[in-house]
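Structure first, commentary second.
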Amino acid sequence: MARKARVEFPGAVYHVLDRGDRREPIFRDDEDRRRFLATVGEVCARTGWRMHAFVLMGNHYHFMLETPEPNLVAGMRWFQTTWTVRFNRRHRLSGHLFQGRYKAVVVEAAGYWGALSDYIHLNPVRARMVGLGDRLFDYRWSSYPLYCARAARPAWFEPQKVLGELGLEDDVAGRRHYARRMRQRAEEELGGLKKGDERKLAVALLIRRRTAVPSRWIAEALHLGHVSRLTHAAQSSKPRTWTMKLESHLP
């Protein structure tokens, strides 16, 4: 069956995603990640692309990019081929790096930009690469730090449209508001975690330790299931470690 043709038109905005072949890493270390972003800069310079959000994970990446010219296919062909050659040369490998055809979904409504950038930036939280006691800002391999600080922004990165959709200016006040908003979004991720997730249990233990709220109420509020799960968490090392880390950030 023939592949569907890519949708290309001037000013198109896409959510682009691809994974490593057999879900293997497409970056092995921070030097790979730096070189990958340098390659992103090169393809943006060649094509005129504007990057509005990105994140590099272990075996995949996400882009939210805009193409002023209808050149997604040509640009992605150059980008994926070039990165494969550079990765293989550095690690003395050969063959495919990516699992196949990248995904590119057209973002048709401007009102979706904020939601998509949130989704992209929260990937490290969902993958447990950033814990509840950590700052999302400290994850260097996404565009989130570039939203929060103007220094060291590459020429190909543009946060203004997403900030504008959220009613924020690209100034100190706007960037601080964006950071607070993203912290709240990261905390909201708790609601979607599994009942036995250590992070959710750590929050439950912290509430029980610092308040007089009944354990049954905590279990219901955090969707832990049976109240006995909270008792078991208190006897487990991982949730206790998370709790101590959270508590170290509190007065």
Side-chain angles (χ1 to χ4, degrees), residues 1-20 26-27 33-57 60-87 96-123 141-171 174-175 178 181-182 185:
M1 181 181 295
R3 289 179 172 181
K4 292 178 63 176
R6 298 289 190 186
V7 177
E8 295 184 295
F9 56 90
V13 177
Y14 302 91
H15 177 196
V16 178
L17 157 69
D18 207 356
R19 298 183 182 277
I26 56 175
F27 331 99
R33 293 179 179 87
R34 281 189 285 270
R35 295 183 182 205
F36 182 88
L37 290 180
T39 308
V40 171
E42 289 180 50
V43 72
C44 288
R46 285 170 171 264
T47 60
W49 289 354
R50 299 166 183 165
M51 190 71 67
H52 299 293
F54 65 85
V55 67
L56 313 187
M57 304 296 287
H60 66 285
Y61 66 84
H62 293 268
F63 294 158
M64 177 182 171
L65 63 87
E66 182 178 358
T67 58
E69 300 296 328
N71 55 7
L72 177 73
V73 173
M76 287 299 297
R77 183 185 302 115
W78 181 91
F79 173 72
Q80 303 242 111
T81 300
T82 300
W83 177 244
T84 297
V85 170
R86 291 175 177 178
F87 180 91
H96 297 291
L97 177 61
F98 294 101
Q99 68 176 4
R101 201 182 193 209
Y102 58 90
K103 295 181 180 179
V105 180
V106 177
V107 183
E108 296 181 351
Y112 183 62
W113 288 28
L116 177 55
S117 66
D118 288 352
Y119 172 80
I120 290 173
H121 289 153
L122 289 171
N123 262 263
W141 307 111
S142 85
S143 53
Y144 175 70
L146 302 178
Y147 271 87
C148 298
R150 200 164 193 167
R153 280 182 185 166
W156 44 266
F157 175 68
E158 296 187 8
Q160 290 82 8
K161 288 189 176 181
V162 171
L163 291 173
E165 182 182 278
L166 298 173
L168 303 174
E169 296 291 335
D170 187 16
D171 55 18
R175 292 190 289 272
Y178 184 81
R181 175 182 173 279
M182 286 302 300
R185 290 299 308 273

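Not measured: the values here are computed from a predicted model.
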Enter the distance from [X]:[atom1] to [Y]:[atom2] here, rounded to the nearest 0.5 Å.
X	Y	atom1	atom2	value
Met57	Asn123	CE	CG	4.5 Å
His60	Phe98	NE2	CZ	12.0 Å
Glu66	Lys161	CD	NZ	3.5 Å
Tyr147	His52	OH	NE2	7.5 Å

Which heavy atom in [X] sits nearest to a heavy atom in [Y], and how many Å separate them?
X	Y	value
Phe157	Ala53	CE1-N, 4.3 Å
Ser143	His121	OG-NE2, 2.6 Å
Val162	Ser117	CG1-OG, 3.4 Å
Ser142	Val55	CB-CG2, 3.7 Å
Thr47	Val43	OG1-O, 2.7 Å

Any [X] side-chain heavy atom under 4.5 Å of [Y] side chain:
X	Y	value
Leu65	Cys44	no
Phe87	Ile26	no
Val40	Trp83	no
Tyr102	Arg6	yes
Arg181	Asp118	yes
Val13	Met64	yes
Ile120	Tyr144	no
Met182	Leu122	yes

Trace of the side-chain contact (heavy atoms from CB on, under 4.5 Å) decision for Arg35 with Arg86
CA-CA 9 Å; Arg35 295 183 182 205; Arg86 291 175 177 178; over 6 Å; no
[X] (side chain) donor-acceptor with [Y] (main chain) under 3.5 angstrom:
X	Y	result
Glu8	Leu72	yes
His62	Leu17	no
Tyr14	Val7	yes

If you look only at distance, which donor and acceptor atoms sit under 3.5 Å apart when one is on a side chain in residues 73-81 and the other is two or more places apart or in another chain?
| from | atom 1 | to | atom 2 | distance (Å) |
| --- | --- | --- | --- | --- |
| Gln80 | OE1 | Tyr61 | OH | 2.7 |
| Gln80 | NE2 | Asp18 | OD2 | 2.8 |
| Thr81 | OG1 | Arg77 | O | 2.8 |

More than 12 heavy atoms of other residues, nucleotides or ligands under 6.0 Å from CD of Gln99: yes or no?
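More than 12 heavy atoms, drawn from other residues, nucleotides or ligands, come within 6.0 Å of this atom.
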I need the single residue from Trp156, Phe36, Trp141, Phe63 that forms a ring-ring contact (aromatic ring centres under 6.0 Å, His included) with Phe54. Which is it?
Trp156
The criterion is side-chain contact (heavy atoms from CB on, under 4.5 Å); which residues satisfy it with Asp170, sequence neighbours excluded?
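Scan of Asp170 (side-chain contact (heavy atoms from CB on, under 4.5 Å), adjacent residues dropped) gives Arg150, Arg153, Pro159, Gln160, Leu163, Arg175.
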